[in-house]
Amino acid sequence: MNKNLLKALYQSDSFSKMGHKLIDTLAEHLQNSISDKNSKAIRWNDPHNELNLWKDFLRNGDKDDFFKKVIERTTHTHNPKYVGHQVAPPAPITALTGMLASLMNNGMAVYEMGMSPTAMERITTDMLGQKLGYSTDSRGILTSGGTLANLTSLLAARKAKVEYDVWNAGHSQPLGIMVSEEAHYCVDRAAKIMGLGEQGIIKIPVTKEFTMDVSLLEAYYQNAKDKGIKVFAIVGSAPSTASGIYDDLEAISNFAEKYRLWFHVDGAHGGAAIFSEKYKHLLKGIENSDSVVIDGHKMLMMPTITTALIFKEGTHSHTTFSQKADYLLTDTDEEDWYNGGKRTFECTKTMMSLHWFVLLKMYGEDIFDQNVTVLYNLAQEFAKVLTTHENFELAIHPQSNILCFRFMVPDLPLDELNRLNQSIRQHLLEDGEFYLVQTKFNGIHYLRTTLMNPFTTMEHLNLLLKKIQVTAEKLLTSKTS
Ligand SMILES: *Cc1c(COP(=O)(O)O)cnc(C)c1O
C-alpha cells in the first residue's frame, strides 16, 4: 500500500495546477460553445457504446484527458443551438460557487455546518417571498429540486389542512389533491408517495388552450367529495412543463379560498417570471398562494440543483416534518430558522444558496428579469415565424420559452406525420448540431424546443427550421423511392 497516496490526494499544489488548467479549458469551451458556428450541441452516442468507452477509459485512458473528454461527451447547454430540456446554461460565476461549495462541503443540516450559506438562504428566500407578494411572515427553504420541493409543499399542505395527524397516525380517510392533467409528473409521484392513490389525484382536464379548465373545478370537487375523499390541496402549474402554458392562478386561488384548500403553485420553470416586468402578469394570483416552487437551475441561470420553496406562512415550513409540531413551535419558532435540516427533506444538502447570492450581489435582480424577458420574447418571435411558415404548425401559441410545433405535409395521414416528426427528431439528435426534444398532445407528435440560452437568436432558429425541412424532405424521398 502506498502510504503517501492520501497525502498526494490532498496536495494543494497539484490542485492549483489542475484547477487552473481546468478553468482555462472550461473558458475555452464556453467561448467555442457560444461563438463557434460549427460546434455541436451534442455528440450523440448510444448508451451501450458510451458505457464501453468509459469502461475502456478507466483501464487504458490517459488521465490527463479526463476533463476534456467529459466536456466533449456531454450535452452543451451554452451552445445557442441547444434548445432542448429546461436546464439553464449556468452563469459561469455559479460554476465557481459550485466549486467553492464542493470544497468547503458544509452539510447545511444544522447551523454550525453552514453558517454563511444559511444566512444567504434566509436572505434569498425572504427576497423571493417579497417578490411573490407575500408578507414578512413568509419563510422559505432551498432544496434539491422541484420534485422534492413539490412533495415537501404537499406534505405541509396535508399537515395544515387535514384535521387528523396523518404524519403520526397514518391515514384514516381517503385524501385528495386537484391538479391539471398537464401538470409535471412529479406531482403525481408526490401524491403516490403520500399514499393518496390513483383516486386521490383528481386530474382536471385542460382547455384547448392547454390551461387547466377551471370551469370544471366545482364538479370535480363535488364528485370527489361524494366519494368520501377529503380534498386538501390544489396545484397550479406555472407553466405546465410539456406545453409551457400557465394555469389561471387567480381563478384557482378563488376556488381554493372558497373550499379552504391549500393553493400550491408549481413554478419550477416559470415562477421565475416574477422577476420580469413584462411577463409577471402571467403569474397574477400567485400572491394568494400558500406555497410556490421556483427552480434556480431552470430560468435563473444556476447549475443543478437549487430549488426555492417559499411558504406564505413561515410556520408551515416549520411544521412539515416536525413530530410534535405544536409545542415545538411555541418553544422555538423564530429563533430556529437557521437549523435548515428541520425544514428540508434532505439531511445533508449542498450550499446551494451561494449561487443565488452571488448573482444577486454581482448583478442584482435585474439579471433575472433580463434572462426571462429575453427568452420569453424570443419565443414570441419564433412563434410568429412558425405561424407564417407553410411547412410548420404550432401546437399552441407560447406563453413562455417552451414551444411545441411539428413539420407538416398536406394530406399525409396522422400516423405517418407522427412517424415523420419522430424520425426528424431522431435524425437531429444523431446529427447533433441542434438539440431539441419532443412531446405528444392528444395523440399528435410534436417537436419541442425550450429556449434556455440568452445567446440563441432568430438566426439560429431559422437554421433549425431549415435543417428540419431538409431532413424531412430526405426522409420523405427515401420512403417513396
Ligand atoms: C422541471 C419541473 C419540475 C421538476 O423539477 P426538478 O428540479 O427537475 O426536480 C416540476 N414541475 C415543473 C412544472 C417543472 O418544469
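Scope of the values below: all heavy atoms of this structure, side chains included, with no hydrogens, waters or symmetry mates. Every number for a ligand or one of its atoms is a count from 1 in the order of the listing. Numbering starts at 1 and runs along the sequence shown.
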Any idea which atoms of ligand 1 are less than 4.0 Å away from a heavy-atom of [X]?
X: Pro239; value: 13 (C)
X: Gly145; value: 7 (O), 9 (O)
X: Cys186; value: 10 (C)
X: Ala268; value: 2 (C), 3 (C), 10 (C), 11 (N), 12 (C), 14 (C)
X: Asp266; value: 10 (C), 11 (N), 12 (C), 13 (C)
X: Gly146; value: 5 (O), 6 (P), 7 (O), 9 (O)
X: Gln86; value: 15 (O)
X: Asp295; value: 5 (O), 6 (P), 7 (O)

With respect to [atom], which of [options] exhibits the smallest heavy-atom separation?
atom: atom 15 (O) of ligand 1; options: Val293, Thr304, Thr241; result: Thr241
atom: atom 2 (C) of ligand 1; options: Met299, Lys298, His269; result: Lys298
atom: atom 4 (C) of ligand 1; options: His297, His184, Glu182; result: His184

(request) Could you tell me how the ring of Phe441 sits relative to the ring of Tyr446: parallel (under 30°), tilted (30 to 60°) or perpendicular (over 60°)? (result) tilted
(request) Measure the acute angle between the ring planes of His85 and Tyr435, then classify it against the limits of 30° and 60° as parallel, tilted or perpendicular. (result)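 If you compare the ring of His85 with that of Tyr435, the planes turn out tilted.
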(message) What I want to find out is whether Lys40 reaches Glu433 closely enough, with some N-O distance under 4.0 Å, to be called a salt bridge.
(response) no
(message) Between Lys342 and Asp336, does any side-chain N to carboxylate O distance fall below 4.0 Å?
(response)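 So Lys342 pairs with Asp336 through a salt bridge.
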(request) Any chance you could measure Met352, atom CE, to Ser144, atom OG, to the nearest 0.5 Å? (result) 3.5 Å
(request) Give the intermediate values and the outcome of salt bridge (Lys or Arg N to Asp or Glu O under 4.0 Å) for residues Lys467 and Asp431. (result) CA-CA 10 Å; Lys467 186 147 205 156; Asp431 172 84; 2.9 Å; yes
(message) Give me the nearest non-hydrogen protein atom to atom 9 (O) of ligand 1 as residue plus atom name, then the distance to 0.1 Å.
(response) Thr147 OG1, 2.7 Å
(message) Can you confirm whether or not the ring centre of Phe321 sits under 6.0 Å from the ring centre of Phe345?
(response)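 Yes - the distance between ring centres of Phe321 and Phe345 falls below the 6.0 Å cut-off.
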(request) Check whether the ring centres of His355 and His297 lie less than 6.0 Å apart, and answer yes or no. (result)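 Between His355 and His297, the centre distance exceeds or equals 6.0 Å.
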